[in-house]
Amino acid sequence: MTSLIHSVAEALSPLASPFLSLVTAVVLIPAARQARSTRIALARLFIPVVLFMLAYHGLLFLPLAARWLKALESPVWVAILLVVLPAMHLPRNGDWRWFRLVPACFVALLAWGIWQGSRSVPPEAPRVIGILVRPGWLIAGVASVLVLIQPFLSLNLFRRAVHITALCVLAAGGFMLRQDYTDFRDMRARRTVRRDVMNLSETSPVMGRDGRLAYLPSAPCRFSPDGGYIQGCNMELSQRILQLNYRKIAGHDVAELGALEAVLAAFLSFTILSFLVARWCCGWLCPLSTMGDGLDWLRHRLGVTPIRAGPATHAAMLGSGGTLAGIGLAMSALYHHLDATGRAFGVRIPVFPFCKMCPSQQICPMINAGPAGYPPLPGTEWAFGFFRYGCLIVLALYVLCFAAARRLWCRFCPMGMISGLFNRGGSFMLRKDAKRCNGCGMCAEACPMNIGKVRDEMQESNVSTYDCVLCLRCVAVCPRDGCLALEHEGHEVTRSHFGTGT
Amino acid sequence: MTKPTSQYDPRYRLDPVKAPNPGARKRARMAVHHLDETMRRITRRPENIEWFESLLREGPTEDSARPPVGYFCNMIPPELILACGGRPVRLDCGNAALVQTGEEVLSGEICPVAKASFAMFLDPENPVHRCRCLVLPSSCDAKRKLGEVLADYRPTFTMNLPAEQDAGRYLAAAAKELERLADFLSRELGTSPSRRRLMEAIDLTRRRTALVRELDMARADKPGALSVRDFFIMIQSSFTGVDLVRWEKEVGTVLEHTRKYHQPRERLRPRLVLTGAPILWPNFKVLNLVEECGADIVGDTLCTGVQSVWDPVSLDETGYGALLRALAARYIFAAPCPCFVSQGRRVSRVLELAEERRAQGVLHYGLRLCQLFDVETYRLNRVLRQKGIPFLNLRTDYSLEDTEQLRVRLEAFLETVEAS
């Protein structure tokens, strides 16, 4: 039985490749949509997929290709290919009910996985361990639950649901995303290592036994309670690329080459995901924004009007965020110059200088440990106090921005700056039908990033901008049916629609 | 003794001119009666239409503790008046008989709406004198100057509008102006608008929008289900200060009535989009003509028609300042009024309606002496011609003298529409 499941999973492993999702989203689905009949559409969709899977298995016979392809595989891609892409692209007509079987199956698999996991847990373990579940089941199952509840929620409520779910996966990720009980025990053993955020082993990737990571862009931070399988910070990846010792790589050092391979594979996977979703992750997944939205929600409930920053502040945020990111990354390039006392050229710098400045590193450890989890402040000996005061200032900026100025912080965030490159030219497009626009300007009023283009653009239909986090508040608030819409690869995912609920 | 506001120079305040004129009053009643007679000939009317008509004739009957507040134009947010504890009553008057009385005192060279509206104040027995205070925007020249005249009668606030509908530049200024209006209202009514009350009022008007949209879509689908004149009466009756919850209930009945309608066969009557100056009860001359000539109005951009309530106030932020901004966004920046620098709003709405409702032609109602609408026909006419949509401009006023002339022009237009 187990070997049968294993061989089926092995046969279906091309589904976990980012390339299949990319090809499907960019080429196959648009081609299928142009087909004259359903039969031709299905043929255009499935024949290339089968060919791809055969070619994939063929390539796996080449050892080098196999290593790379295996490194790129991730359960996130299965969830995207089988659940998320169809949910976005299938027309919501009568046939929609057939598609609903797919997410329903994944939810059933998730339940089965939890049941299986609970049976493998020895009785002396705490009862909560029973919900251990394989990463693949959890990721696809969670995506499926979201797809199934989406029709019952308004756009704003759905976004909130996605936000909170993503935060839960992040918080419980290290604990729940485990292959089985032994894997869980190993993780617990790793966590007995003393927490020291400045030169810690705690921050080094806590991988599963297969050594693979599931990458999400701009979402979970590895400093969440045992970052587990889900990693996805493009800045962290950049940092790790810079930390590599390229001299050793030139000398064919096996360990260093392996590290380069892992990071590059992650980066490639990540870039494909960024192309497909751009800054959507900032608006819907990012744990920093979820927590910041808590502050924003409080302000909203109190009826305090948010501060609307002008273009000068925006430019200052962009400039300072970029500069700080540059400093952090430059410091991380000194990694292999660090001596035994953690000094490079006489200056003490942490192992992950960029992470040490990021508020996520300060907030995420508190997710399960509470205020006690707040990492100890670095002493003044670290880069002449730069980290002691710098991280406090950045944290204060984060709290202040979210408490008073909605998403002003997101103009500072370097992760978002990178994802934003895919806002225009990527898969998502915010479309405006200017003929339907009444010019009221509520889109700009509702925009947490204070973008004016959606309101002012009256000629071009593409109103995506570099700063847009695709939170779709403008779409939710637009009073004219069909004036604003979100398109993915030319297909309308959602559009503005007036309803009496707000 | 009314308190002068700082907007008008108190040194030159005048005693209000009042001229009891039983003849004019009678002629005004005759105009209403005349319309009632015409409307009776509509074949399919909702059974409770009499309730809506009585609102326009006599105003809401139920005794309300809320003091009425008169306002002009569709650019004054009634939500603000509701939130201040007032009852918003729109005072724009369409009674042809009152034009002349207004003309005698004020001037002959301003638009009939302003003249007729002003004439209501000349009659000491007119219910407008029950209004606690008055609000009007500085939209056109007539409205801009009417404020100071009306300030002699009741405390009046003239709300300044930006000349350009550029929300990016002027939304903050417009919200500031609404804040001033809110201060004026809370001073006059003794209640300040709280966030909660504003949101309740916005919720009320959003429900009205939803109902009107539903009816409008039903009509666009089957225009025979409800006469556009009855529809206008229903919409305009919601501006009389009636309790909107009660109004909603009655509209629900009409909605049922509309749903029951089965179009006997394919309807061959030409479908038209109506745009232009406000058509105010009881001056339904053009609407009467269109339906009598055998055409259907399937959409309009009138500030007294479906368009007046089509756009809801959208809510995102709920702070007091943000609510005022949302009101300004909807009432000032989304208004298809010709008093602004660009007429883009209205042209695109007309084009959208023509396409979406499969209209065969566009009818423009130009009110004589309103230069703003008049000038706008220059561009509207040419843009529509480029798109191949037939366009007719009917320039007229409240008097019934030119009815037959208009009928001839309209019939000729409908013939070209049907031929194309």
Q: Taking every heavy-atom pair that is under 4.5 Å apart, which of A328(B), A329(B), P336(B) has the most such pairs with chain A?
A: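 Between A328(B), A329(B), P336(B), the count favours A329(B).
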Q: OG/S314(B) to CD/E445(A) distance, rounded to the nearest 0.5 angstrom?
A: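 The distance works out to 10.5 Å.
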Q: Which one wins on heavy-atom pair count under 4.5 Å against chain B: G441(A), G452(A), A446(A)?
A: A446(A)
Q: Report, as yes or no, whether the 6.0 Å neighbourhood of atom CD on E164(B) holds more than 12 heavy atoms from other residues, nucleotides or ligands.
A: yes
Q: To the nearest 0.5 angstrom, please state how far the CG atom of D316(B) sits from the CG atom of N156(A).
A: 7.0 Å
Q: Please report the shortest heavy-atom distance between D481(A) and R213(B), naming the atom on each side.
A: OD1-NH1, 3.5 Å
Q: Do you know the tightest heavy-atom contact between P312(B) and P479(A)?
A: CD-CB, 3.4 Å
Q: Nearest heavy-atom pair of E317(B) and V304(A): which atoms, and what distance?
A: OE1-O, 4.3 Å
Q: Does any backbone or side-chain atom of R473(A) lie under 4.5 Å from a heavy atom of chain B? Answer side chain, backbone, both or neither.
A: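 Side chain only.
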Q: What distance do C440(A) atom SG and R325(B) atom CZ have between them, rounded to the nearest 0.5 Å?
A: 12.5 Å
Q: Highest number of heavy-atom pairs under 4.5 Å with chain B: which of R301(A), M442(A), H300(A), R455(A)?
A: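 Most heavy-atom pairs within the cutoff with chain B belong to H300(A).
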Q: Heavy-atom cut-off 4.5 Å, strictly under: side chain, backbone, both or neither for V477(A) against chain B?
A: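 Both parts, backbone and side chain.
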Q: Could you pull out the closest heavy-atom pair between L351(B) and K435(A), with the gap in Å?
A: CB-CD, 4.2 Å
Q: So for atom CZ, which belongs to R259(B), do other residues, nucleotides or ligands contribute more than 12 heavy atoms lying within a distance under 6.0 Å?
A: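 Enclosed.
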Q: Do other residues, nucleotides or ligands put more than 12 heavy atoms under 6.0 Å from the CZ atom of R160(A)?
A: no
Q: Chain A heavy atoms under 4.5 Å from R346(B): which part of the residue, side chain, backbone, both or neither?
A: neither
Q: Which heavy-atom pair separates D311(B) from R480(A) by the least distance, and what is that distance?
A: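 Between these two residues, the closest heavy atoms are OD1-NE, 2.8 Å.
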Q: Measure the CZ-CG distance between R169(B) and D456(A) for me, rounded to the nearest 0.5 Å.
A: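 The CZ atom of R169(B) sits 8.5 Å away from the CG atom of D456(A).
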Q: By a 4.5 Å heavy-atom criterion (distance strictly below it), what part of E214(B) contacts chain A: side chain, backbone, both, or neither?
A: neither
